[in-house]
Protein chains: 2
Amino acid sequence: MEQETRELRRVGLKVTHPRMRILQIFEEEGVQHLTAEDVYKKLLAEQEDIGLATVYRVLTQFEAAGIVVKHNFEGGQAVYELDRGKHHDHMIDVDSGKVIEFVSEEIERLQHEIAARHGYVLEDHSLVLYVRPKGKGR
Amino acid sequence: MEQETRELRRVGLKVTHPRMRILQIFEEEGVQHLTAEDVYKKLLAEQEDIGLATVYRVLTQFEAAGIVVKHNFEGGQAVYELDRGKHHDHMIDVDSGKVIEFVSEEIERLQHEIAARHGYVLEDHSLVLYVRPKGKGR
DNA sequence: TTCCTTGCAAACGCTTTGCAGGAAG
DNA sequence: CTTCCTGCAAAGCGTTTGCAAGGAA
């Protein structure tokens, strides 16, 4: 409560009920990757009367403020996760839809190298591995 | 003409005018990455009376047939390119929107390694580097 | 003749926006 | 009290689909 209030003030957003509740949802244990609709449904389940449009607006503001990171994985819906500061890429289990995070300094390094080799500076990147549990053939 | 006809027959699609023209557009010199709308506009410019819905349908069929590969880069529109057999990833110049292709055996290898380390088999992946010309600060 | 394919317009799914009332500072 | 925020409904955008007419094999 205190923490969320400070976080919102820090990024210059008014401390409103919808923003507090949405921020809290992302800070719950075990919550990692949520679509706008996931957030909306969680709010409904908690008897909150917050519109889907507001969820989108708040998530967009959170993204601009660096509170949250947005990912455009395959399949329409964008996914959001709290920005905990440490960069990582994602692996998606195509059977279960589960999202696994990973970090590879080696790949990060190679990316910069490749960009440089072509006369560019790496600004950002998107890497997603689509995987299947070992042994469960297609 | 002959070539396209064979290609369509090979994948079991009837040889129709829209399919021929769309395939030809992708085989033009210098053409690499096109959105459905890019294709549609090129057809219009050539006085072809082919609907946008048909372009989408044909591209979807081409993708299923392995004639074309679809990419979901940032920003709404999907991008298609001819599948020339050799896998590669993409680098996007965020200033000009230019798309550059590259291959890194090293990164490919690391991806398999990372998936394996987590008990998975790599089925597919998506890697896009967002870059800016060296020396042109943000 | 028999499917497959096409163009059109309508429908779709996700996201954004205009507006008027309501809350935060 | 002023400005920002919200819910609602409508609009937007890229893509898909139902339908009846038209074309390939």
Side-chain angles (χ1 to χ4, degrees), chain A residues 1-2 4-25 33-44 46-65 67-80, chain B residues 1-2 4-23 25 33-44 46-65 67-80 97:
Chain A
M1 185 86 198
E2 278 307 298
E4 288 88 346
T5 300
R6 265 182 274 115
E7 180 83 357
L8 290 176
R9 291 241 165 83
R10 186 178 65 77
V11 300
L13 289 172
K14 282 188 180 176
V15 179
T16 65
H17 185 66
R19 299 214 261 239
M20 286 293 278
R21 302 299 293 104
I22 293 174
L23 185 47
Q24 286 169 355
I25 282 180
H33 307 271
L34 300 176
T35 63
E37 198 164 348
D38 288 339
V39 174
Y40 179 61
K41 284 184 187 152
K42 273 182 173 276
L43 291 170
L44 283 187
E46 296 172 7
Q47 325 294 331
E48 294 290 354
D49 192 14
I50 297 175
L52 181 55
T54 298
V55 173
Y56 274 106
R57 268 185 295 229
V58 170
L59 289 177
T60 302
Q61 294 160 344
F62 281 8
E63 189 197 3
I67 294 180
V68 126
V69 183
K70 179 181 182 180
H71 300 290
N72 292 295
F73 297 153
E74 310 256 312
Q77 255 132 309
V79 169
Y80 299 81
Chain B
M1 184 87 199
E2 278 306 300
E4 289 89 347
T5 301
R6 266 182 274 114
E7 180 82 358
L8 290 176
R9 292 239 163 82
R10 185 178 66 77
V11 300
L13 289 172
K14 282 187 180 175
V15 179
T16 65
H17 184 67
R19 299 214 261 238
M20 287 293 278
R21 301 300 293 105
I22 293 174
L23 185 46
I25 283 180
H33 307 271
L34 301 176
T35 63
E37 196 164 348
D38 288 339
V39 173
Y40 179 62
K41 284 186 188 152
K42 272 180 173 278
L43 291 170
L44 283 187
E46 295 171 8
Q47 324 293 331
E48 293 290 353
D49 192 13
I50 297 176
L52 181 55
T54 298
V55 173
Y56 274 106
R57 270 185 294 232
V58 170
L59 289 177
T60 301
Q61 295 159 344
F62 281 9
E63 190 198 3
I67 294 179
V68 126
V69 183
K70 178 182 182 179
H71 300 289
N72 292 296
F73 298 154
E74 310 256 312
Q77 255 131 310
V79 169
Y80 298 82

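Just so it is clear: chains get the letters A, B, ... in the order the sequence lines come, proteins before strands, and each one is counted from 1. Note: hydrogens, waters and symmetry copies are ignored here, and every other heavy atom, side chains too, is used.
Legend: residues meeting side chain to side chain donor-acceptor pair (under 3.5 Å) with A/Asn72, ordered by chain and number and at least two apart, are absent. Qualifying ring pair (Phe, Tyr, Trp, His ring centres under 6.0 Å) partners for B/Phe73, counting only residues two or more places apart in sequence or in other chains: B/His71, B/His90. In this structure, B/Ala64 has no side chain to side chain contact (heavy atoms under 4.5 Å, CB included) partners at least two apart in sequence or on a different chain. With sequence neighbours left out, the salt bridge (charged side-chain N to carboxylate O under 4.0 Å, His left out) criterion links A/Glu4 to no other residue. For B/Glu37, the salt bridge (charged side-chain N to carboxylate O under 4.0 Å, His left out) partners two or more places apart in sequence, or in a different chain, are B/Lys41. Every residue meeting the side chain to side chain contact (heavy atoms under 4.5 Å, CB included) condition with A/Thr5, not counting sequence neighbours, appears here in chain and number order: A/Arg9, A/Val15, A/Met20. A search for side chain to side chain contact (heavy atoms under 4.5 Å, CB included) contacts involving A/Val11 returns A/Leu13, A/Ala65, A/Ile67, not counting sequence neighbours.
Among pairs with a residue in residues 14-23 of chain B, those fulfilling side chain to side chain donor-acceptor pair (under 3.5 Å) read B/His17-B/Glu48, B/Arg19-B/Gln61, B/Arg21-B/Gln24, B/Arg21-B/Glu46, B/Arg21-B/Glu48, at least two apart in sequence or across chains.
Atom CD of A/Gln77 is separated from atom P of D/dG14 by 18 Å (rounded to the nearest Å). The distance from atom OH of B/Tyr56 to atom P of D/dC13 is 13 Å, rounded to the nearest whole Å.
With a heavy-atom cut-off of 4.0 Å to chain B, the contacted part of DNA chain C has its first and last nucleotide at C/dC3 to C/dA9.
Heavy-atom distances to DNA chain D give each of B/Val15 and B/Ala36 a nearest nucleotide, and the one nearer the 5′ end belongs to B/Ala36.
Side chain of B/Thr60 to main chain of B/Tyr56: a donor-acceptor pair is present (N/O by atom type, distance under 3.5 Å, no hydrogens or angles).
Taking the screw axis at each terminus of the helix from C/dT1-D/dA25 to C/dG25-D/dC1 from five consecutive base pairs, the angle between the two is 30° to within rounding of 10 degrees.
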Are A/Val55 and A/Val58 close enough, and set up right, to give a side-chain contact (heavy atoms from CB on, under 4.5 Å), and what steps lead you there? CA-CA 5 Å; A/Val55 173; A/Val58 170; 6.0 Å; no
Readout for nucleotides 1-9 of chain D: B = base within 4.0 Å of protein heavy atom, S = sugar-phosphate only, - = neither; 5' to 3' it is --BSSSBBB
